[in-house]
Amino acid sequence: MDEIERFVNGVKRRNIGQPEFHQAVEEVARSVLPYLKKIQDPRYKKASILERMTEPDRIVVFRVCWEDDKNNVRVNRGFRVQFNNSIGPYKGGLRFDKSVNLSILKFLGFEQTFKNALTTLPMGGAKGGSNFNPRGKSNNEIMRFCQSFMTELHRHIGHHIDIPAGDLGCGAREVSYLFGQYKRLTNTFTGTITGKGLSFGGSQIRTEATGYGSVYFAREMLKEKKDAIDGKRCVVSGSGNVALYTAEKLIELGGKVIALSDRDGTIHCAKGLDSDQLDFIKDLKFNRRESLREAAKEHEEIEFKDDQKPWDIECDLAFPSATQNEIDEEDARTLIKNGCMLVCEGANMPSTNKAVEIFREAKILYGPGKAANAGGVSVSGLEMSQNAMRLSWTRDDLNYKLEEIMKDIHQQCVKYGKDDSGQIDYVNGANIAGFRKVAEAMLSFGIV
Ligand code: NDP
Ligand code: 2IT
């Protein structure tokens with residue numbers, strides 16, 4: 001048994017029944033352990049840094065009790081995984097989805113620690129959420145749930161302690177209810193949550209940041225090959241916050257967005273969506289909160305494929321932007337067979353480890369989520385700075401800063417991911433760069 005296997009087996013033994021967490025740790029161990037062997041620096045091993053990094057600082061689990069519109073008492077479970085605050089206060093989103101469990105939140109908190117280290121800003125890693133399913137709930141039900149969730153969470157967070165934000169199933173509406181309740185309970189007005197509305201301390205570009213940032217990262221990867229987004233056929237999965245702003249920026253840069261998806265299926269538009277069609281879809285998903293099926297009913301050029309993922313549609317660039325493990329081995333093979341040259345992960349861990357292996361073997365451009373989707377948390381970090389200074393920067397300022405941060409993240413991947421043949425492995429690059437920053441801080445603190 002080699003060192004990696006031994007390490008991963010230990011993590012599996014200590015975290016039984018948490019497959020997503022095992023998957024995220026294994027991917028990092030496969031980059032970091034060979035790197036440590038290569039650089040021959042015994043300090044990290046002696047201090048058991050990777051063992052310590054895979055154990056969260058603490059986890060809070062709590063009951064969330066609320067009343068639905070029919071006066072039934074409902075009970076959900078709330079979580080906050082405070083993973084690592086070595087380089088800054090805990091920072092990361094809240095996910096509201098029926099699938100939420102400790103395995104998923106631990107994988108997300110673990111990845112967040114590396115991602116936040118890459119942003120160049122001082123933020124530690126955390127994630128939280130609930131198994132609450134927002135689908136089909138009224139506004140009042142969402143409000144009552146968010147208020148109850150925050151009634152417990154508020155005692156564990158703070159602008160110097162832990163700063164939550166949104167994630168899947170937790171958008172502008174939910175963040176507003178959460179912030180309103182936090183403000184009421186603590187009688188403070190601080191930047192303890194990011195992704196806030198613009199009238200109460202939110203930052204320009206935060207809404208768009210993850211999607212725009214993902215496209216900026218793809219642009220940097222393509223530049224390495226002296227190529228560009230203009231004219232490329234792009235498939236984007238999901239049709240939420242990340243996916244729709246990815247699509248918006250792709251269209252702006254001349255890309256042809258030929259597919260989007262949701263839980264019901266995939267829309268295909270061979271000639272590429274135009275801005276009016278995208279605006280229609282934004283309204284459909286963000287305001288009407290309906291299925292993509294409706295887009296096909298109202299637009300002739302759009303076809304709806306019931307219950308299908310988008311990966312068998314021939315494309316040049318793929319932007320998985322929905323959820324974890326949405327690209328399996330077979331999907332990865334199909335993408336490669338159809339000539340896809342770039343996969344840029346807007347979602348967190350959307351590709352299984354087998355799928356990632358296939359992309360790396362095929363030597364296509366593959367940008368892992370912890371680098372490619374770091375734009376969202378980066379602008380969250382900038383929202384924290386603006387809140388602390390009690391001022392607001394302009395949209396142009398923030399867009400410029402976001403572009404610079406994504407370029408910097410790309411450069412870190414190049415620095416630590418380039419192999420002897422000159423090929424850039426973005427997985428190794430992101431994992432090693434993130435590890436180094438957090439590990440150096442942990443070493444400085446001694447044995448804690
Ligand atoms: P949203 O809730 O806004 O959108 C999620 C989209 O993905 C929806 O269209 C949803 O379909 C679809 N989806 C969710 N689960 C599934 C599933 N099991 N099968 C098929 N489709 C699914 O979330 P976000 O856009 O904010 O997040 C998307 C991904 O990006 C997540 O992995 C998140 O962790 C990651 N991310 C988000 C950031 C952010 O700032 N929001 C930052 C960095 C990463 P439907 O419309 O039918 O519900
Ligand atoms: O996965 C992520 O990076 C997010 N959901 C954003 C976290 C944040 O704090 O803005």
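Counting starts at 1 for both ligands and their atoms, following the listed order. Below, each value reflects all heavy atoms present in this structure, side chains not excepted, and no hydrogens, waters or symmetry copies.
Surrounding NZ of K98 are at most 12 heavy atoms belonging to other residues, nucleotides or ligands under 6.0 Å away.
Under 4.0 Å is where a charged nitrogen must lie from a carboxylate oxygen, and between R333 and E330 no such pair does.
Within the structure, ligand 1 has G346 among the residues with a heavy atom less than 4.0 angstrom away. Using a 4.0 Å heavy-atom cutoff, R206 is listed among the residues neighbouring ligand 1. Within the structure, ligand 1 lacks Q324 among the residues with a heavy atom less than 4.0 angstrom away. Heavy-atom distances between K309 and ligand 1 stay at or above 4.0 Å for every pair. Put simply, no part of G171 is less than 4.0 Å from ligand 1, judged by heavy atoms.
Using a 4.0 Å cut-off to heavy atoms of R135, the atoms of ligand 1 that qualify are 47 (O). Under a 4.0 Å criterion applied to the non-hydrogen atoms of S380, ligand 2 contributes the atoms 8 (C), 9 (O), 10 (O). Within the listing of ligand 2, atoms 1 (O), 2 (C), 4 (C), 5 (N) sit less than 4.0 angstrom from a heavy atom of K127. The contact set between ligand 2 and K115, taken as ligand atoms under 4.0 Å from a residue heavy atom, comprises 1 (O), 2 (C), 3 (O). Near G166, meaning under 4.0 Å from any of its heavy atoms, are these atoms of ligand 2: 5 (N). When each atom of ligand 1 is checked for a heavy atom of G169 under 4.0 Å away, the hits are 2 (O). Heavy-atom contacts of A347 reach the following atoms of ligand 1: 29 (C), 30 (O), 32 (O), 35 (C) (cutoff under 4.0 Å).
Looking at T210 and N373, their side chains never bring a donor and an acceptor atom within 3.5 Å of each other. In this structure, a donor-acceptor pair under 3.5 Å is present between the side chains of Q412 and D408. No side-chain donor-acceptor contact under 3.5 Å links S138 and N140. With hydrogens and angles left out, the side-chain atoms of Y35 and R436 include a donor and acceptor closer than 3.5 Å. Donor-acceptor pairing under 3.5 Å is lacking for the side chains of N76 and S130. In summary, the side chains of S380 and T194 do present a donor paired with an acceptor at a separation below 3.5 Å, with no hydrogens or angles considered. Under 3.5 Å, the side chains of S31 and N431 contain a donor-acceptor pair of N or O atoms. In this model, a donor atom of one side chain and an acceptor atom of the other lie less than 3.5 Å apart for Y216 and N399.
Checking only distances, T323 never comes within under 3.5 Å of ligand 1, N or O to N or O. In terms of polar-atom proximity, defined here as any N/O pair under 3.5 Å, V242 does make such a contact with ligand 1. Considering backbone and side-chain N/O of N373, none are found under 3.5 Å from N/O of ligand 2. Looking at K285 next to ligand 1, an N or O pair under 3.5 Å apart turns up. No N or O atom of D264 sits closer than 3.5 Å to an N or O atom of ligand 1. For ligand 1, the polar-atom distance check finds no N/O of A243 at less than 3.5 Å from any of the ligand's N/O atoms. For ligand 1, the polar-atom distance check against R95 finds a nitrogen or oxygen pair separated by under 3.5 Å.
Comparing heavy-atom distances from atom 22 (C) of ligand 1 across M349, E290, R289, R263 singles out R263 as nearest. Scanning T210, D167, L94 for the heavy atom closest to atom 5 (N) of ligand 2 points to D167. Residue A165 holds the heavy atom nearest to atom 8 (C) of ligand 2 of all those in G346, A165, A209. When L284, L168, T210 are ranked by how near their heavy atoms come to atom 40 (O) of ligand 1, first place goes to T210.
Shortest contact from atom 12 (C) of ligand 1 to any protein heavy atom: A322 CB, 3.9 Å. Remark: minimum distance from atom 7 (C) of ligand 2 to any protein heavy atom is reached at G93 N, 3.6 Å. At the shortest separation from atom 6 (C) of ligand 2 among protein heavy atoms lies R206 NH2, 3.5 Å. When hydrogens are left out, the protein atom nearest atom 9 (O) of ligand 2 is K91 NZ, 2.6 Å; that is the closest non-hydrogen contact. For atom 4 (O) of ligand 1, the closest non-hydrogen atom of the protein is G240 CA, 3.3 Å. Protein heavy atom in closest approach to atom 3 (O) of ligand 1: N241 N, 3.0 Å. Taking atom 33 (C) of ligand 1 as the reference point, the nearest protein heavy-atom neighbour is D167 OD1, 3.2 Å. At the shortest separation from atom 9 (O) of ligand 1 among protein heavy atoms lies S239 N, 2.9 Å.
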- Message: ring-ring contact (aromatic ring centres under 6.0 Å, His included), that's the test. Do F21 and F107 meet it? Break it down for me.
- Response: CA-CA 4 Å; F21 181 55; F107 113 65; 8.9 Å; no
- Message: Show, in sequence, the C-alpha distance, side-chain angles and deciding distance for F149 and F96, and conclude whether the ring-ring contact (aromatic ring centres under 6.0 Å, His included) test is met.
- Response: CA-CA 11 Å; F149 182 87; F96 296 153; 5.3 Å; yes
- Item | Evaluation steps, ring-ring contact (aromatic ring centres under 6.0 Å, His included), between F189 and F179 | CA-CA 9 Å; F189 197 113; F179 182 71; 5.3 Å; yes
- Task: Step by step, work out the side chain to side chain donor-acceptor pair (under 3.5 Å) result for Y212 and E248.
- Result: CA-CA 8 Å; Y212 282 15; E248 180 169 286; 2.5 Å; yes
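Contact annotation: for S321 versus ligand 1, heavy atoms closer than 4.0 Å belong to the backbone alone. At a 4.0 Å heavy-atom cut-off, ligand 2 does not touch E111 at all. Residue contacts with ligand 1 for E326 are absent, since no atom lies close enough (heavy atoms, distance under 4.0 Å).
Of all the heavy atoms in P134 and G169, the pair that sits closest is CG-O, 3.8 Å. In plain terms, the two heavy atoms of C315 and I258 that are nearest each other are CB-CD1, 4.4 Å. Closest approach of H160 to P89, counting heavy atoms only: O-CB, 3.7 Å. Minimum heavy-atom separation, V100 to N131: O-CB, 3.7 Å.
Because its NZ or CZ atom is not both nearer than 6.0 Å to the ring centre of F217 and within 45° of the ring axis, K407 does not count as a cation-pi partner of that residue.
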